Amino acid sequence: MKRTVKQNNQKVTALEEDCHLTLERTVRFMRVSQMFMPTLREMPAEAEVVSHQLMLRAGLMRKLASGIYSFLPLGYRTFRKIEQIVREEMDRAGAQELLMSAILPAEYYQATGRWEVFGPDMFRLKDRNGRDFCLGPTHEEIFTETVKNEIRSYRALPLILYQIQTKYRDERRPRFGVMRSREFVMKDAYSFDRDEAGLDLSYKKMYDAYCRIFDRCGLDYFIVDADSGAMGGSGSQEFAVKSEIGESVIAYCDACGYAANDEKAECIPDVCCDDECCMGNDMLPVEKVATPDVRTIEELMDFFGSQPCEFAKTLIYKADDRVVAAMVRGDRELNETKLQNYLNCIELEMADAETVKEVTGADVGFAGPIGLKVELIVDLEVTSMKNFVVGANETGYHLKNVNIGRDFKASVVMDIRKIVEGDKCPKCGAPVKIARGIEVGHVFKLGTKYSEALGCVYLDENGKERPMVMGCYGIGINRTMAAIIEQNHDENGIIWPISVAPYHVIIVPVNPTETAQMEAAEKIYSELGKAGVEVMLDDRNERPGVKFKDADLIGIPIRITVGKKIGEGIVEFKLRKTGEMVELSIDEAIARAKAEVEKGLAL
RNA sequence: CGGGGUGUAGCUCAGCUGGAAGAGCGCGUGGUUUGGGACCAUGAGGCCGGAGGUUCAAGCCCUCUCACUCCGACCA
């Protein structure tokens, strides 16, 4: 058999494109009277955010322990549909699915040092022989190891592998139901390329697949530049669903489309206020001012009667084993991620009072740059300030008219502040806005961090050994599900997009004791099901109000109500999303339902 | 990991100054109902989170502990 060198931009035939594998096998009929669907009338006390409340109320899931949930039939159907969308789009992008174990031996993590880095966030256990294992919090090491063991030649690259697997992280504070849980399902993909150019192609494929996935899920999302954090690597973007309850803070620009999360967002230095204190003034002589009990910026403002931007604050940090100082304008916040990246440390925290005293010789609140013995990282913006106030490194005193360059020197000047609403966009200069988002997906260019640590190498055309260039790509399935609910609900319950709805249609006979109504309902039920529509029949002997409330709560996109007008052959057709309701003949209702479902799945 | 809050029926919660464990909803049974979470009758359901202590007497007071939850810190 002739061996061919795979290209990252390989061509596939139209037939292959059409027939990309789908594993979907779905029950299409469901009688509500038979269903395990424990809906709750009242709001569960433990739930704070809407998605969490609705997932419990609609009987999608139940809690087993803090941050650990079981999915019930209705919830699991949607869960699997999201998985399936992810699967289809990964397959379409040429990634290959496999499944790694959830329980993993410690040695792989020890090899990259992450056995220690993860710390208590990792669920650890021992086998009967006392060997260390963990429940996998992420799988970079295992994928890398697997590929390392099997791939030798550049001919086998590029390669993208993925799995949809349960992950375990012993979060310090599980929150918001499934949004931050200790057990969750993640799609994680890993790309292996010969070089950076190959990585760029693989990354782009995954990026495009992600856009399709979140579009199909009906989500409104940002794609933002992100910090690659402990993952290491050269570039990273986050897919964040717009939501007030999101834990990612995003700076974005309507003018040019720039978006970055707040850890990453680059800050353009602002000239602090007006010409009064900044522009063209000569440097004034330094003055020492007694400022007893004046420590915070607010107190300083009162004391000096001036603007916060006429101060610079000096923050003392502990970075692993060393102590450093960081300086930002008085009204700014330090971006710890930026500082941490520069310092290349694992732990970064504000120094305790004792350390501050040791380093500055003064109590907390009087730290300043002059005479400090430790490394001093100064924010870019400070360099444009003149004659400003700093701590004197002496309890009870500040210094006035201090100037960088003349009075003290920075070890390094760089952007270390946090972006705020109204700052200049780093791309185009327009004022940026700040929003919150739920991180549902993340793509990273890892580079060779893991392949080098684990010896995942290949032989190139010249027989030379080179580390594979890797990328990794995650999507939180549970979190995506919750995010869809956050963006698609009203006061009555969930409003599923058709693409992920547990069933497409629910048929509600108003009075199940009326044979005419039941017969018509049964007919619609069987015809829709035969046509491939997923359909529920609410055949419970309940009052109509109960059935309507449940139908709304569980968010079935299309409701067909069979009531009194069945004598005239008329039923009611209602869309959950718009509330639009029309009276149609049975056949028209069936046709309309089929059309709506087709439209909803077309994306 | 720090700071708060809450643990009483399946769910949501009340329970006064320490003195016989309650309501609404849900559930079983019989009946009446049937267009937005019905009504009547009747019934089942409790280690008052756990342990210790104070007291003649503890759901209630004290100590410890566990769980859940919120805020913060932390978080590929």
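Treat the numbers as computed from the prediction; the structure is a model and nothing was measured. Reminder, nothing fancy here: chain letters follow the sequence lines and each chain counts from 1.
Rounded to a whole Å, the NZ atom of Lys318(A) is 15 Å from the P atom of rC74(B). A straight line from CE of Met179(A) to C1' of rU69(B) spans 17 Å, rounded to a whole angstrom. At whole-Å resolution of the value, CG in Asp550(A) and P in rG26(B) are 12 Å apart. Atom NE2 in His442(A) sits roughly 15 Å away from atom P in rC75(B) (whole-Å rounding). For the pair Ile68(A) CD1 and rU69(B) P, the interatomic distance rounds to 11 Å; values are reported in whole Å. Met43(A) places its CE atom 15 Å from the P atom of rU69(B), with the value rounded to the nearest Å. A straight line from CG of Leu72(A) to C1' of rG10(B) spans 15 Å, rounded to a whole angstrom. Leu56(A) places its CG atom 17 Å from the C1' atom of rG26(B), with the value rounded to the nearest Å.
With the nearest nucleotide of RNA chain B identified for both Glu247(A) and Ser66(A), Ser66(A) has the one nearer the 5' end. Two residues, Gln340(A) and Pro512(A), neighbour RNA chain B, and the one matched to the more 5' nucleotide by heavy-atom proximity is Pro512(A).
Of the candidate nucleotides rC68(B), rG35(B), rC74(B), rC74(B) has the atom lying nearest to any side-chain atom of Arg172(A). Ranking rG36(B), rC71(B), rG35(B) by closeness to the Val510(A) side chain, first place goes to rG35(B). When the nucleotides rA73(B), rG35(B), rA38(B) are ranked by their closest atom to the side chain of Val546(A), rA38(B) comes out on top.
Taking atom P in both rG19(B) and rC62(B), the straight-line distance is 15 Å, to the nearest Å. If you take atom C1' in rG5(B) and the same atom in rU54(B), they sit 26 Å apart, rounded to whole Å. Taking the C1' atoms as reference points, rA58(B) lies 11 Å from rG53(B), given to the whole Å. Annotation: rC48(B) and rG18(B) have their C1' atoms spaced 15 Å apart (nearest Å). Taking atom P on both rU34(B) and rU17(B), the two are 49 Å apart, rounded to the nearest angstrom. Taking atom P in both rU12(B) and rG26(B), the straight-line distance is 15 Å, to the nearest Å. Going from the P atom of rC68(B) to that of rU8(B) covers 14 Å, rounded to whole Å. For the P atoms, the distance linking rU63(B) with rG3(B) amounts to 16 Å, nearest Å.
Other residues, nucleotides and ligands contribute at most 12 non-hydrogen atoms within 6.0 Å of the CD atom of Glu244(A).
Each of Arg592(A), Lys574(A), Lys565(A) was checked for a salt bridge (charged side-chain N to carboxylate O under 4.0 Å, His left out) with Glu583(A), and the lone residue meeting it is Lys565(A).
Thr39(A) pairs by the side-chain contact (heavy atoms from CB on, under 4.5 Å) definition with Met37(A), Asp550(A), Leu553(A), Ile554(A), not counting sequence neighbours.
Counting only N and O atoms by type, the side chains of Tyr168(A) and Asp170(A) include no donor and acceptor under 3.5 Å apart. Side chains of Ser33(A) and Asp539(A): a donor-acceptor N/O pair is present below 3.5 angstrom, by distance only.
Contacts between residues 557-566 of chain A and RNA chain B, defined by a heavy-atom separation below 4.0 Å, involve Arg559(A), Thr561(A), Gly563(A), Lys564(A), listed by number.
Looking at heavy atoms from C-beta onward, Pro174(A) lies out of side-chain contact with Lys63(A) at the 4.5 angstrom threshold.
Residue Glu349(A) is out of contact with every strand shown, counting any heavy-atom pair closer than 4.0 Å. Among the protein residues, Asn541(A) comes within range of the nucleic acid bases, having at least one heavy atom under 4.0 Å from a base atom. Note on Arg57(A): a base of the nucleic acid sits closer than 4.0 angstrom, heavy atoms only. If you check every strand for non-hydrogen atoms under 4.0 Å, Glu336(A) touches sugar and phosphate atoms only. The residue Glu542(A) sits close to a base: some heavy atom pair falls under 4.0 Å.
Ion pairing between a basic and an acidic side chain is recognised when a charged N comes within 4.0 Å of a carboxylate O; Glu140(A) and Arg114(A) show such pairing. Between Lys338(A) and Asp227(A) there is no salt bridge, since no side-chain nitrogen of the basic residue lies less than 4.0 Å from a carboxylate oxygen of the acidic one. Here Glu439(A) does not pair with Arg180(A) in a salt bridge; the nearest charged N to carboxylate O distance is not below 4.0 Å.
For Arg543(A) and rA38(B), the shortest distance from a side-chain N or O to OP1 or OP2 is below 4.0 Å.
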| message | For Tyr207(A) and Phe239(A): C-alpha separation, side-chain torsions, deciding distance, then whether ring pair (Phe, Tyr, Trp, His ring centres under 6.0 Å) applies. | response | CA-CA 9 Å; Tyr207(A) 180 101; Phe239(A) 287 71; 5.7 Å; yes
| message | Between Tyr210(A) and Tyr473(A), does the ring pair (Phe, Tyr, Trp, His ring centres under 6.0 Å) criterion hold? Intermediate values first, please. | response | CA-CA 9 Å; Tyr210(A) 274 39; Tyr473(A) 316 90; 7.0 Å; no
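Counting only Watson-Crick or G-U wobble pairs whose defining distances are both under 3.5 Å, the stems of 3 or more consecutive pairs in RNA chain B are B:1-7 with B:66-72, B:10-13 with B:22-25, B:27-32 with B:38-43, B:49-53 with B:61-65.
Counting atom types as modelled, Arg173(A) pairs no side-chain N or O with a base atom of rC74(B) as donor and acceptor under 3.5 Å. For a distance-only test at 3.5 Å, the side chain of Glu42(A) qualifies as a donor-acceptor partner of the base of rG24(B). Between the side chain of Asp552(A) and the base of rG36(B), at least one donor-acceptor pair of N or O atoms lies under 3.5 Å. Under 3.5 Å, the side chain of Lys574(A) and the base of rG36(B) form at least one donor-acceptor pair of N or O atoms.
Classification of the Phe444(A)-His442(A) ring pair by plane angle, with boundaries at 30° and 60°, yields parallel.
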